Asker: 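The structure is given below, and queries will be raised subsequently.
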Number of protein chains: 2
Amino acid sequence: MGCKIEEFKQEQKKRMRAVQDSMDVLNGKWKIAIITSICCYGKRRFSDILNDIEGISNRMLSKELKELEINQLIKRTVLDTQPISVQYELTEHGDTLQTIISNLTDWGIVHRKKIVGS
Amino acid sequence: MGCKIEEFKQEQKKRMRAVQDSMDVLNGKWKIAIITSICCYGKRRFSDILNDIEGISNRMLSKELKELEINQLIKRTVLDTQPISVQYELTEHGDTLQTIISNLTDWGIVHRKKIVGS
DNA sequence: CTGAATCCAGATGGATACTG
DNA sequence: CAGTATCCATCTGGATTCAG
């Protein structure tokens, strides 16, 4: 039955789109570092994250934070300090990424050993 | 003890490097689609993969396959046909990616529902 | 059939300076 | 402090053509 094959192909397409959706969210040079920084401390201010991640510029931090917020992974809160500061924390949805990040971490370690041997 | 904090930071750095390693391997517009295509059928020829993935060009397929091969995720075999054809299959190491891809698929589906609502 | 080579547009990201 | 704006180099990937 060609039917079954077609169904299978459709299923595959859906799955590939889903993986791509995840990758789109996680792509960008600093996304994962930012998520890690925030989730590590629970709550984190802009300047804290800027210090946590070596090499990132305020321009990129701002840009990536905005994208993470659009994807509802982090929540942004303006604190009434003088001067103002802004706090970022993971949303519940953002928290669900932890399994993936953990898997990626484990695999990355094995992979590096495999490739570089260290 | 500042020591503990330093240790913690070092640990975090290693973990972030590891996640980044994984992402580097998986990045590129077609990597996951290619892996999926190959692992789906076990063995797959260049032109088959080209047909499996709609929109990919031979230039990109060639490029991404090469990177996957460098990372030891796939094995390339030249078949003695006329004209020659080339077969690709996952290595054992490549197989270990399946958990991650599965995770990314599941999360992507949930995420899409969350964001777009479909 | 399986690529490699070339050309080119658009995206990405760094450096720096500026604003509320 | 938390961004925004601008400029600019590099990277990415598409289209097309050529080669073994």
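As the structure is a computational prediction, the values presented were derived from the model and not from experiment.
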Asker: Looking at every heavy atom in both A:N71 and A:H93, which two are closest together, and how far apart are they?
Answerer: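 Heavy atoms of A:N71 and A:H93 come nearest at O-CD2, 3.8 Å.
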
Asker: Would you grab the first and last nucleotide of DNA chain D (5' to 3') that comes under 4.0 Å of any non-hydrogen atom in chain B?
Answerer: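 Result: D:dG13 to D:dA15.
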
Asker: Of all the heavy-atom pairs spanning B:I49 and B:Y88, show the shortest one and how long it is.
Answerer: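 Taking B:I49 first and B:Y88 second, the nearest heavy atoms are CD1-CD1, 4.2 Å.
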
Asker: Could you report the tightest heavy-atom contact between B:Q12 and A:C40, atom names first, then the distance?
Answerer: NE2-SG, 3.4 Å

Asker: Taking atom C1' of C:dT6 as reference, at what distance in whole Å does atom NZ of B:K63 sit?
Answerer: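 Interatomic distance, NZ of B:K63 to C1' of C:dT6: 14 Å.
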
Asker: Ignoring backbone atoms, test whether A:W30 places a side-chain nitrogen or oxygen under 4.0 Å from the OP1 or OP2 oxygen of C:dT12.
Answerer: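 Checking A:W30 against C:dT12: no side-chain N or O falls below 4.0 Å of OP1 or OP2.
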
Asker: Suppose the criterion is side-chain hydrogen bond (donor to acceptor under 3.5 Å, both in side chains): which pairs have a residue in residues 34-43 of chain B, not counting sequence neighbours?
Answerer: B:S37-B:D52

Asker: Expressed in angstrom and rounded to an integer, what is the separation of B:I74 atom CD1 from C:dT2 atom C1'?
Answerer: 14 Å

Asker: What distance do A:N58 atom CG and A:L65 atom CG have between them, rounded to the nearest 0.5 Å?
Answerer: 11.0 Å

Asker: Check whether any side-chain heavy atom of A:K63 lies under 4.5 Å from a side-chain heavy atom of A:E67, and answer yes or no.
Answerer: yes

Asker: Tabulate atom names and distances for all N/O pairs under 3.5 angstrom spanning the protein and nucleotides 8-11 of chain C.
Answerer:
none

Asker: Sequence neighbours left out, what pairs pass side-chain hydrogen bond (donor to acceptor under 3.5 Å, both in side chains) with at least one residue falling in residues 99-108 of chain A?
Answerer: A:W107-B:T96

Asker: So, the side chain of A:S85 versus the backbone of A:L79: is there a donor-acceptor pair under 3.5 Å, distance only?
Answerer: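 It does not hold such a pair.
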
Asker: With sequence neighbours excluded, tell me which residues meet ring-ring contact (aromatic ring centres under 6.0 Å, His included) with A:W30.
Answerer: none

Asker: Apply side chain to side chain donor-acceptor pair (under 3.5 Å) to A:E54 and list each qualifying residue two or more places apart in sequence or on a separate chain.
Answerer: B:K13

Asker: To check you understand the geometry: which heavy-atom pair defines the closest contact between B:A18 and A:I109, and what is its length?
Answerer: CB-CG1, 3.6 Å

Asker: Between B:Y88 and C:dC1, does any side-chain N or O lie under 4.0 Å from OP1 or OP2?
Answerer: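 No, outside the criterion.
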
Asker: Do A:V86 and A:T77 come close enough that some side-chain heavy atom pair is under 4.5 Å?
Answerer: no

Asker: For the helix from C:dC1-D:dG20 to C:dG20-D:dC1, what angle lies between the axis at the first five pairs and the axis at the last five pairs, to 10 degrees?
Answerer: 40°

Asker: Mind listing the residues from residues 80-87 of chain A sitting with a heavy atom below 4.0 Å of DNA chain D? Number order is fine.
Answerer: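 Close to the strand are A:P83, A:I84, A:S85, A:V86.
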
Asker: With B:D95, which residues qualify under side chain to side chain donor-acceptor pair (under 3.5 Å), at least two apart?
Answerer: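 B:Q98.
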
Asker: What is the distance, rounded to the nearest whole Å, between atom CZ of B:R44 and atom P of C:dC1?
Answerer: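 The answer, rounded to whole Å, is 14 Å.
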
Asker: Kindly say whether A:N27 contributes a backbone atom to a donor-acceptor pair with the side chain of A:K31 at under 3.5 angstrom?
Answerer: yes

Asker: What residues from residues 18-29 of chain A pass a heavy-atom cutoff of under 4.0 Å to DNA chain C?
Answerer: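 A:K29, in order of number.
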
Asker: Can you name the closest pair of heavy atoms from B:V25 and B:L68 and give their distance?
Answerer: O-CD2, 4.5 Å

Asker: What pair of heavy atoms forms the shortest contact from B:L26 to A:L104, and how long is it?
Answerer: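 Looking at all heavy atoms of both residues, the closest pair is CD2-CD2, 4.3 Å.
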
Asker: Hey, is CZ on A:R44 packed in by over 12 heavy atoms from elsewhere, all under 6.0 Å?
Answerer: yes

Asker: Listed in order of residue number, which residues of residues 45-62 of chain A have a non-hydrogen atom at under 4.0 Å from DNA chain D?
Answerer: A:R45, A:F46, A:S47, A:N58, A:R59, A:S62

Asker: According to salt bridge (Lys or Arg N to Asp or Glu O under 4.0 Å), who are the partners of A:E11, at least two apart in sequence or on a separate chain?
Answerer: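 Testing A:E11 for salt bridge (Lys or Arg N to Asp or Glu O under 4.0 Å), a comparison that skips the adjacent residues, returns none.
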
